[in-house]
Amino acid sequence: MSNGRHIGDVILDLQNISLRFGGVKALTDISFNVREHEIRAIIGPNGAGKSSMLNVINGVYHPQEGTIVFHGRKRHDMNTHEAALQGIGRTFQNIALFKGMSVLDNLMTGRNLKIKSNFLQQAFYWGPTRREELEQRSKVEGIIDFLEIEHIRKTPVGRLPYGLQKRVELGRALAMEPTLLLLDEPMAGMNVEEKQDMCRFILDVNDQFGTTIVLIEHDMGVVMDISDRVVVLDYGKKIADGTPDEVRGNQEVIDAYLGVAH
Amino acid sequence: MLYREAGQFKASYREDQQIFPIRQDKIAIALILAFFYLVVPVIGDQYWLKAILVPVLIFSLAALGLNILTGYAGQLSLGTAAFMAAGAFGAFNFMLRMPDFPVFSEVKILFAFIFGGLMAALVGIVFGLPSLRIKGFYLAVATLAAQFFVVWALTKFSWFSNYSSSGVISAQDVVLFGVPIDTPESRYLFVLVIVTVLALLAKNMVRSATGRAWMAVRDMDVAAEVIGIRLLHTKLLAFAVSSFYCGVAGALYAFCYLGTVEPEGFNLDMSFRILFMIIIGGVGSVLGSFLGAAFIVLLPIFLNVFFHAVFAGAVPAGLGSNLELMIFGGLIIFFLIVEPHGLARLWQIGKEKLRLWPFPH
C-alpha cells in the first residue's frame, strides 16, 4: 500500500523497553522502530501490552528499563509535556475528549501549546491574545474542514454519537500538528462505513501532512490494508515484526491469535 | 422568535469569537448593565442598596472565584471563606501599614484590594499544592485545612489585626481620589464597578487558552497532559486566580459591607454558603455565580417578608422563622431536582425555547 510516499529514516527507536507494575510485567524487553512517514501497526491479543507501549512512547508510563531515541535524542523515558512539544499526538482507546466543551473548543485546546500569551493578557484580551486566538481558530477550521465536521463545530462533544466523537478526538490530536501520531484503536466499535471513513482520514493524514502514524487496531483487514509494517505483541513480548505479509505467515502470530494445542 | 439568531451571519472568525456573538445577548447585557448602573441607584432605597444589593454583588464575586476553581478547573474547594479572610486582612494591613504618597494615596484603596487579592492568591497556591496528587472529595478535605488554618492564624497572631482584642478589625474609610465613598449609592456603584470589571476579566479568561486548559484538566486530565498542558501549573493558576477573586470579595465584604469583621466571621458556614451558590446557580458558568448568589441571599429575605405579610401574628414568631428555613431548604432541593445543572442552565433552556416561541416548532 505505497502511494508514492517516501518512507524516510528511523525517527523513533525503542530499545529493550521493559515496564512493570509491581510484579506484573506489562512489557518485556521490547525493541522496534518507526520510520518517518510510515504507518506502523501494533497488534496483539487483549492484554498484550499495546496500549502500555503507546503510553511509554508519549510519556504517560515510565519504563524501568530501556532507551527511547526520538529524533536522534536518546533518553531513558519521555514525559508528556516534552512529548507534546516534540510533536507526538495521541488518541485514546476509550474516548478521552473534554466532554463539557464544544468540538471547536476541544480542537482549540489541542493548540494550547502554540499560544504564547499569558493569562493576564488573556484576561484583558490584550496584546497578542486576540490575534493568537484568531490564528488558532483558522488553523482549527482547516482541520474541521478536513474531517468534515463543520456541522457540529459548536456542539458539546458529550452529545455526539460515538463515531463522531472518535473523529473529533482524531481532530484534537491533529490540531497539535503532530509529526508522530499515536492512534489507540481508532476504529473500535465502529460500523463498516465509519471504519471506511476513518481509514480514509488516516491515509489522508499520512499522505497530505506526511504524519508518521503508529496505530493499534484489532480489525486485521484494516491493519493488513493500511499499514507499512506491523509489530505483534503477546503477553508483553514481541513475537513478530515485519510487513503485513511477513506477519501474516508467521507461525507464532497464528498461534497467539488462534491458540495452540499443548 | 424572540431569540432567533437566524440571519445574523458571521463573516469572520473575529465576529464569531466575540464575547456575545448573538445580537439579542448584546442587547440584553446592555439593558441589564444600564438597569443596574443607571436605574437601581435612583430607585433603590438605602436598605436595598446597603443590605441587599451590596452583599449580593460581593457574594457573586466570591462565587465567581469559587466557580473558576470548581466549575471551570474542576477542583473542589471548601476554603472559600478562608481566602476571603486573607483578602480582607491583607487589604486592612495594606491600608494600615503602607505609607501614604501624594498620588498613590488617591488610589491607595484599590491597591489595598489588589494586595488583599494577591495575599489570598498566595494562600490559595499553598493550599492548592495537594491538588496535584488528590482529587474530588479528598481535595475538598485538604482545602478544609486552609479554612481552619487561616482563621486560626488570624486569631492567634494579633499582628494581623493590629493587636485588637479577639482579632476584630475595623476597616478603614474607603476614599477614592479624595472622595469618600460612604453613601449607600456610592458604595453600591463602587462595588458594582469592581465586580463588573472582574467578571469581564473572568469571562475573557474562560473563553481563551487559560480557560480551555482549566476545562481540559477538569474533563479529562490524562488527555490534557498528553496535549501538553502542565497539570500542576494549570491547577495552581486556577487556585491563584480563584483565590484572588475570593480575596477581593473578602476585602469588599470588610470595607464596603460590614465595616467591622473578625476572623471567625469567615467560617466554614460561609464557605458552604458560597459552594451552594455555585451549585444552585450553575457550576462552570459566570452568569450562574450571579444567579446563585442572588438566589441564596435574596430568597430568605423574600420568604421573611412574605411570611410577615401573610401570616403576621397568625403563627408564633419562632415557628415562622423555622418554617422559612424549611421552605428555603425545600426550594433548594426542588431547584436541584428540576435542573441539576443550576439556574444558568435553566436560563439557557429558556433561551432555546424562546428561539421558537410562540410557534410550536
Side-chain angles (χ1 to χ4, degrees), chain A residues 54-55 58-60 79-92 95-101 104-106 108-126 129-138 140-141 153-154 157-158 169 172-173 175-176 182, chain B residues 5 10 12-19 21-22 68 71-74 121 197-234 236-238 240-241 244-245 282-285 341 345 348:
Chain A
L54 290 196
N55 282 332
N58 75 342
V60 178
N79 74 58
T80 47
H81 183 69
E82 191 196 1
L85 279 176
Q86 300 252 337
I88 302 183
R90 163 85 191 261
T91 69
F92 291 83
I95 298 169
L97 285 169
F98 309 129
K99 292 238 167 8
M101 300 159 74
L104 189 60
D105 279 341
N106 265 276
M108 289 288 278
T109 312
R111 297 191 68 81
N112 254 20
L113 268 185
K114 318 268 179 204
I115 287 180
K116 298 283 172 268
S117 61
N118 61 39
F119 77 99
L120 271 178
Q121 292 171 319
Q122 289 167 15
F124 290 95
Y125 236 72
W126 190 17
T129 304
R130 187 187 303 273
R131 184 176 48 78
E132 279 188 329
E133 288 282 313
L134 294 177
E135 268 171 25
Q136 304 313 333
R137 173 75 190 268
S138 68
V140 160
E141 288 290 342
R153 62 160 77 78
K154 299 250 168 116
V157 290
E169 205 187 4
R172 189 183 62 189
M176 296 170 69
L182 313 175
Chain B
E5 68 261 49
K10 303 283 180 284
S12 68
Y13 296 139
R14 184 175 180 145
E15 283 177 44
D16 198 43
Q17 305 243 74
Q18 299 170 87
I19 298 191
I22 296 171
I68 287 174
Y72 284 98
V197 169
L198 285 177
L200 176 69
L201 298 189
K203 184 76 190 165
N204 277 340
M205 268 186 274
V206 299
R207 74 196 178 103
S208 55
T210 307
R212 290 195 295 270
W214 286 340
M215 290 186 273
V217 168
R218 171 194 71 190
D219 284 350
M220 189 62 77
D221 51 359
V222 178
E225 226 182 330
V226 163
I227 283 174
I229 292 169
R230 282 169 298 178
L231 292 188
L232 183 64
H233 178 265
T234 308
L236 289 186
L237 181 62
V241 173
F244 180 88
Y245 275 67
V283 174
S285 152
H341 294 288
R345 174 62 69 82
Q348 215 180 355

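Treat the numbers as computed from the prediction; the structure is a model and nothing was measured.
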Using heavy-atom distances under 4.5 Å, tell me whether A/N112 contacts chain B through its side chain, its backbone, both, or neither.
side chain
Taking the six-membered ring of A/F98, is the NZ or CZ of B/R212 close enough (under 6.0 Å from the centre) and on axis enough (within 45°)?
no
Please state whether the side chain, the backbone, both or neither of B/V241 comes within less than 4.5 Å of a heavy atom of chain A.
side chain
Of the backbone (N, CA, C, O) and the side chain (C-beta and beyond), which part of B/L237 lies under 4.5 Å from a heavy atom of chain A, both, or neither?
side chain
Over all atoms of both residues, closest heavy-atom pair of B/M220 and A/I95
CE-O, 4.1 Å
Heavy-atom distance under 4.5 Å to chain A: side chain of B/R218, backbone, both or neither?
side chain
Smallest separation among heavy atoms of A/G110 and B/I227, with atom names:
CA-CG2, 4.0 Å
Less than 4.5 Å apart, any side-chain heavy atom of A/E133 and any of B/R207?
no
Derivation of the side-chain contact (heavy atoms from CB on, under 4.5 Å) call for B/E225 and A/V60:
CA-CA 9 Å; B/E225 226 182 330; A/V60 178; over 6 Å; no
Heavy-atom distances under 4.5 Å only: say whether A/L182 touches chain B with side chain, backbone, both or neither.
neither
Check whether B/A224 gets within reach of chain A through its side chain, its backbone, both or neither, counting any heavy atom under 4.5 Å.
both
One should read off an interatomic distance between A/H81 NE2 and B/L232 CG, to the nearest 0.5 angstrom, of 12.5 Å
Please walk me through it: do A/Y125 and B/I19 pass side-chain contact (heavy atoms from CB on, under 4.5 Å)?
CA-CA 11 Å; A/Y125 236 72; B/I19 298 191; over 6 Å; no
Quick one: closest heavy-atom pair of A/L134 and B/Y13, and the distance?
CD2-C, 3.7 Å
Closer than 4.0 angstrom, basic N to acidic O: yes or no for A/K154 and B/D16?
yes
